[in-house]
**Q** 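One structure, pasted below without further comment.
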Amino acid sequence: MSQQSASRITPRAEDYSRWYLDVIRQGDLAEPAEVVKGAMVIKPHGFAIWEKIQRALDDMFKETGHQNAYFPLLIPESFIKKEAEHVDGFSPELAVVTHAGGKELEEPYVIRPTSETIIGHFFQRWIESYRDLPLLINQWANVMRWELRTRMFLRTSEFLWQEGHTAHANHAEAKEEVQRMLRIYARFAEEWMAMPVICGEKTASERFAGALETYSIEAMMQDGKALQAGTSHDLGQNFGKAFDVTFQNEKGESEHVWQTSWGVSTRLIGGLIMTHSDDNGLVLPPKLAPVQVAIIPILAKNCDENQIFSACDKIQEELKAEGISAVCDKRDYKPGYKYHEWEQKGAPMRIEIGPRDLEKNQVMMKGRLEQEKTPLSMDNLRGKIQAYLDKYQTMLFERAKTRREESTINIDTYDEFKNVFAGQNSRFVYAHWDGSAETEAKIKEETKATIRCIPLDQPEEPGHCMISGAPTKKRVLFAKSY
RNA sequence: CGGGGCGUAGCGCAGCCUGGUUAGCGCACUUGACUGGGGGUCAAGGGGCCGGAGGUUCAAAUCCUCUCGCCCCGACCA
């Protein structure tokens, strides 16, 4: 096709990083804010994706008994310092407000990098009895982490996310919550984003600052690197003790609560882009595509413009009634221009309606990933379109999963391991690791590959650490990561 | 923060080394006509304090200093 020559997107094979930025620009998702370091402006088409993500996740959170609330953006600096590991983890990347109302503040505020501390403070006031537990709260918010190096959606100084914070009467219940939310993230990633993920436990060095255990979902991007797409933390009683969040149990004894926190961010959009998109631009799963069907009227010299427009409008209405989001693109551009634009914006399908179609009682349809157009009779058009979208959603997931499987390998020797990660290369590698921080650090140092997680669903397979030779029970997942 | 690259019209770039009157090109934009099934054609237009601040000079997009931002590679991280 002639698409390649007309494309304004750097091919993946030529420069993957540039491709990623080109897709975002051509897809009209976002742009660097420039006037605010490391920040981005999420444009309407990008924000529409986020809104769809929010809606789906929010429903899942509510179905599992969580309630939304909102806590202050500014956190007293002393709060951050109450949990020792938490301070160490976040101090380097805090933005601090020292002045307000024209005066220097007695105590500076930090702009929240995450809200465990301020929420801990309020949990302390809200929780008195075991009858107040579990307390299941979620917050949709913006947070700020002053990162050294930023990339749109994947790592920006300010980003949007949701953070769940829960308090429980015992550790078992908290652990259950941690797993429940991890699995919800995995389900969302696979069913909505069509992005297959590996659920696993983080090693100590990758753990959230202040957590007993961190679990994550890890997705593979098209360049073989891993993206940590969501995390769920078992905070134990660490924050409970730091903020003195206690309750009286049935026996009248005072205990510290057991807490969890879990979050996903606008980074998911970066994952969406790098999972499905191609050299022609965005490819979006129908469930998250702001526009599922782009309707393009085709006008000719002697045709009745109104007749064509009204036929397009009618189809749009029908689709809308079916819950399918369609736009009728009546702008005064040539059809070819619109084709490219909607392809770059990731619309899963487009239909064209011109004079010849009206005569034949049909439309021309083309899926985002297809080369050829196919005629579709107007009879039960909605049904056919819905069926196509459903199939497309499944196909994207299968395609991504196949790609991941093809780039996944078991490795038993360190020489082979180093070879796989040579240069900028990355894949998903399952290998045996002896569980020591030293081995983990050595591998990272020498290959840039890290342990993404200790997979939960990986079968036991006794073996020997590829470095130390020590006996192990199962393989862990290695990859370079974003 | 270390190494590298780059800021000139909305986007992509040339000009800078070797200073010189009105700062160019492609795409995009505006108006009109012809067009319209894969990024149309022709014609006429609009848009720049050359990222910012200082300095050198008769003269700065160009040379010097500082600064801000972006991109790439590291270290840190959702």
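The basis for the numbers below is simple: all heavy atoms, side chains too, and nothing from hydrogens, waters or symmetry mates. The chains referred to below are lettered A, B, ... by the order of the sequence lines, with proteins before strands, and numbering in each begins at 1.
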**Q** Return the nearest nucleotide to the side chain of A:R151; candidates are B:G36, B:C72, B:A78.
**A** B:C72
**Q** Quick check for you: among B:C73, B:G36, B:C77, whose closest atom lies nearest to any side-chain atom of A:R145?
**A** B:C77
**Q** Using 4.0 Å as the upper bound for N to carboxylate O, is an ion pair formed by A:D28 and A:K43?
**A** yes
**Q** Determine: side-chain N/O of A:Q26 to OP1/OP2 of B:G39, distance under 4.0 Å, yes or no.
**A** no
**Q** Does the side chain of A:K301 get closer than 4.0 angstrom to OP1 or OP2 of B:U35 through an N or O atom?
**A** yes
**Q** Can you find a donor-acceptor pair, distance only, under 3.5 Å between A:Q371 side chain and B:G38 base?
**A** no
**Q** What's the closest nucleotide to the side chain of A:L299 if the choices are B:G36, B:C1, B:A78?
**A** B:G36
**Q** Do we see a donor-acceptor contact under 3.5 Å between the side chains of A:H233 and A:T214?
**A** yes
**Q** Identify, residue by residue, the members of residues 348-359 of chain A with a heavy atom below 4.0 Å from RNA chain B, and return them in order of residue number, or none.
**A** A:R350, A:E352, A:G354, A:P355, A:R356, A:D357
**Q** Picking from B:G38, B:G12, B:G37, which would you name as closest to the side chain of A:I298?
**A** B:G37
**Q** Reading RNA chain B from 5' onward, which residue's closest nucleotide shows up sooner: A:R25 or A:S265?
**A** A:R25
**Q** Of all the nucleotides listed (B:A78, B:C11, B:C72), which has the minimum atom distance to the side chain of A:S17?
**A** B:C72
**Q** Just compare B:C72, B:C29, B:A75 and give me whichever is closest to any side-chain atom of A:L21.
**A** B:C72
**Q** Quick one: look up who B:G12 pairs with, Watson-Crick or G-U, both distances under 3.5 Å, and put none if it's unpaired.
**A** B:C25
**Q** Does B:A75 have OP1 or OP2 under 4.0 Å away from a side-chain N or O of A:K448?
**A** yes
**Q** Rounded to whole Å, please give me the gap between CD in A:E147 and P in B:A75.
**A** 14 Å
**Q** Given A:E213, which partner from the list A:R207, A:K175, A:K202 fulfils the salt bridge (Lys or Arg N to Asp or Glu O under 4.0 Å) test?
**A** A:R207
**Q** Could you say whether A:L154 or A:A39 is positioned toward the 5' end of RNA chain B, judged by the nucleotide with the nearest heavy atom to each?
**A** A:A39
**Q** Taking only the side-chain heavy atoms of A:Y337 (C-beta and beyond), determine which of B:G37, B:G39, B:C11 contains the nearest atom.
**A** B:G39
**Q** If we ignore angles and hydrogens, is there a donor and acceptor under 3.5 Å between the side chains of A:D15 and A:T10?
**A** no
**Q** Looking at B:G37, B:A75, B:C76, which one has an atom nearest to any side-chain atom of A:E93?
**A** B:C76
**Q** Looking only at the side chain of A:R149 (C-beta and beyond, no hydrogens), which of the listed nucleotides B:C29, B:A75, B:A78 gets closest?
**A** B:A75
**Q** Cation-pi between A:K225 and A:Y482: NZ/CZ under 6.0 Å from ring centre and within 45° of the ring axis?
**A** yes
**Q** Please tell me whether A:E116 and A:H121 have a donor and an acceptor in their side chains that are separated by less than 3.5 angstrom.
**A** no
**Q** Select one nucleotide: of B:C29, B:A78, B:G37, the one nearest the side-chain heavy atoms of A:R267.
**A** B:A78
**Q** Given the structure, check if the side chain of A:N302 and the base of B:G36 hold any donor-acceptor pair shorter than 3.5 Å.
**A** no
**Q** Answer with base, sugar-phosphate or nothing: what part of the nucleic acid does A:S261 contact at a heavy-atom distance below 4.0 Å?
**A** nothing
